[in-house]
Amino acid sequence: MNIKKPSIVERPLHVLLLLFIVLLSGCSSETVTDPKKKSYVGVYDYFEEVTGENLKTSVLQITKNGNSAELTLRILISDDLREKMMHTEKPIYFSFADMPGNETIKNLLAETPSHVQIELNSKESRYTISQQLKLKENLTEADEQALLSPANYRFQVINEEKLSVASFMGLEYSLLPEDNQK
């Protein structure tokens with residue numbers, strides 16, 4: 001058997017062909033990016049993930065003091081949702097509102113309350129949302145009962161345009177794991 005050695009002219013061609021193939025395969029490989037590092041413009045970019053599976057709430061605590069009331073809710077945000085919220089360019093707000101089709105609480109307010117923002121960080125998954133309400137004067141006993149009932153409220157996640165992208169109802173029940181241990 002006679003094996004022919006590549007000539008000096010053929011050898012650089014092999015090297016160039018091999019180099020071209022390596023470069024071509026390097027260009028076609030896709031860069032995998034970490035989804036947690038992705039940036040979002042607003043909460044609406046991932047609103048379908050703002051659900052009771054990724055955001056759990058405690059029982060809404062309502063404290064009345066004179067002509068004001070404070071609403072306090074503990075929330076638990078999943079790691080994935082929190083990462084997305086932390087990498088969102090535009091602000092995310094939280095607020096409380098009447099149940100859909102009802103204006104009982106709205107009619108008890110002297111003014112519309114400010115939306116709430118919280119500082120998210122990568123080490124915390126539990127946060128407390130507090131909102132101050134200015135009440136009208138001389139509420140009736142029925143008004144006060146309505147005001148103090150968590151069942152009359154919903155918790156909202158609000159986008160930069162001050163529009164609700166998600167609502168959580170049933171604030172008279174806690175969905176936090178620590179509140180539901182047997």
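Residues satisfying the side chain to side chain contact (heavy atoms under 4.5 Å, CB included) test with Tyr173, not counting sequence neighbours, are none. By the salt bridge (charged side-chain N to carboxylate O under 4.0 Å, His left out) test, Asp179 pairs with Arg74, sequence neighbours left out. For the side chain to side chain contact (heavy atoms under 4.5 Å, CB included) test, residues two or more places apart in sequence or in another chain that qualify with Asn121 are Lys123, Glu124, Tyr127. A search for side chain to side chain contact (heavy atoms under 4.5 Å, CB included) contacts involving Glu70 returns Thr72, Ser130, Gln132, not counting sequence neighbours. Evaluation of the ring pair (Phe, Tyr, Trp, His ring centres under 6.0 Å) rule for Tyr153 yields no partner, not counting sequence neighbours. Taking the side-chain hydrogen bond (donor to acceptor under 3.5 Å, both in side chains) definition, one finds that Thr51 meets it with nothing, sequence neighbours left out. With sequence neighbours excluded, the residues forming a side chain to side chain contact (heavy atoms under 4.5 Å, CB included) with Thr104 are Asp98, Asn102, Ala146, listed by chain and number.
Interatomic distance, CG of Asn67 versus CG of Leu108, reported as 11.5 Å (0.5 Å rounding). Met85 CE to Leu81 CG: the interatomic distance, rounded to the nearest 0.5 Å, is 5.0 Å. For the atom pair Ser68 OG and Leu133 CG, the distance stands at 8.5 Å (nearest 0.5 Å). With rounding to the nearest 0.5 Å, the separation of NE2 in His87 from CG in Leu120 is 11.0 Å. Within the model, atoms CD of Gln156 and CZ of Phe94 stand 11.5 Å from one another, a figure rounded to the nearest 0.5 Å.
Side-chain contact check for Leu71 versus Leu60: some heavy-atom pair is nearer than 4.5 Å. Using a 4.5 Å heavy-atom threshold, the side chains of Phe47 and Asn159 count as separate. Residues Ile77 and Ile75 meet the side-chain proximity criterion, which asks for heavy atoms closer than 4.5 Å. Pro113 has its side chain out of reach of Lys134: every pair of non-hydrogen atoms, C-beta onward, lies at least 4.5 Å apart. Taking 4.5 Å as the limit, some side-chain heavy atom of Phe96 sits within range of a side-chain heavy atom of Leu171. With a 4.5 Å cut-off on side-chain heavy atoms, Ile105 and Asn107 do not count as touching. Proximity of Glu172 to Ser149: side-chain heavy atoms (C-beta onward) are nowhere separated by under 4.5 Å. Side chains of Ile62 and Pro150 form a contact here, defined as non-hydrogen atoms less than 4.5 Å apart.
Residue pairs meeting the salt bridge (charged side-chain N to carboxylate O under 4.0 Å, His left out) criterion with at least one member in residues 148-158: none, sequence neighbours excluded. Residue pairs meeting the salt bridge (charged side-chain N to carboxylate O under 4.0 Å, His left out) criterion with at least one member in residues 49-66, sequence neighbours excluded: Glu49-Lys84, Lys64-Glu144.
Checked by atom type and distance alone, the side chain of Gln131 pairs as donor or acceptor with a backbone atom of Ser114 at under 3.5 Å. Between the side chain of Thr88 and the backbone N or O of Lys90, no donor-acceptor pair lies under 3.5 Å. The backbone N or O of Ser122 lies less than 3.5 Å from a partner atom in the side chain of Arg82, making a donor-acceptor pair.
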Requested in this report: Show the numbers, then the answer: is there a side-chain hydrogen bond (donor to acceptor under 3.5 Å, both in side chains) between Thr140 and Asp143?
Outcome: CA-CA 5 Å; Thr140 66; Asp143 290 341; 3.2 Å; yes
Query raised in the report: Please walk me through it: do Tyr46 and Asn54 pass side-chain contact (heavy atoms from CB on, under 4.5 Å)?
Result: CA-CA 12 Å; Tyr46 50 88; Asn54 292 315; over 6 Å; no
Query - Derivation of the salt bridge (charged side-chain N to carboxylate O under 4.0 Å, His left out) call for Glu111 and Lys136 - result: CA-CA 8 Å; Glu111 62 185 50; Lys136 290 182 179 176; over 6 Å; no
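Both Leu148 and Leu139 belong to a single network of hydrophobic side chains, linked directly or stepwise wherever heavy atoms of I, L, V, M, F, W or Y lie under 4.5 Å apart. Note on Leu175 and Val50: separate hydrophobic clusters, where clusters join Ile, Leu, Val, Met, Phe, Trp and Tyr whose side-chain heavy atoms are under 4.5 Å apart, directly or indirectly.
In Glu178, the CD atom is crowded: over 12 heavy atoms of neighbouring residues, nucleotides or ligands sit closer than 6.0 Å. Crowding of Glu119 atom CD: a count of heavy atoms from other residues, nucleotides or ligands under 6.0 Å not exceeding 12.
Its side chain within the 4.5 Å cluster rule, Tyr93 clusters with Ile158 among the Ile, Leu, Val, Met, Phe, Trp and Tyr residues. Within the hydrophobic cluster formed by Ile, Leu, Val, Met, Phe, Trp and Tyr side chains joined at under 4.5 Å, directly or through other members, Met169 is accompanied by Met99. Grouping Ile, Leu, Val, Met, Phe, Trp and Tyr residues whose side-chain heavy atoms lie under 4.5 Å apart, directly or via other members, leaves Val59 alone, with no other cluster members.
When all heavy atoms are compared, the tightest approach of Ser174 to Asn180 is O-ND2, 2.9 Å. When every heavy atom of Ser164 is checked against every heavy atom of Ala166, the shortest pair comes out as OG-O, 3.4 Å.
Of the candidates Thr128, Ile129, Leu176, Leu76, Ser58 forms a side-chain contact (heavy atoms from CB on, under 4.5 Å) with just one, namely Leu176.
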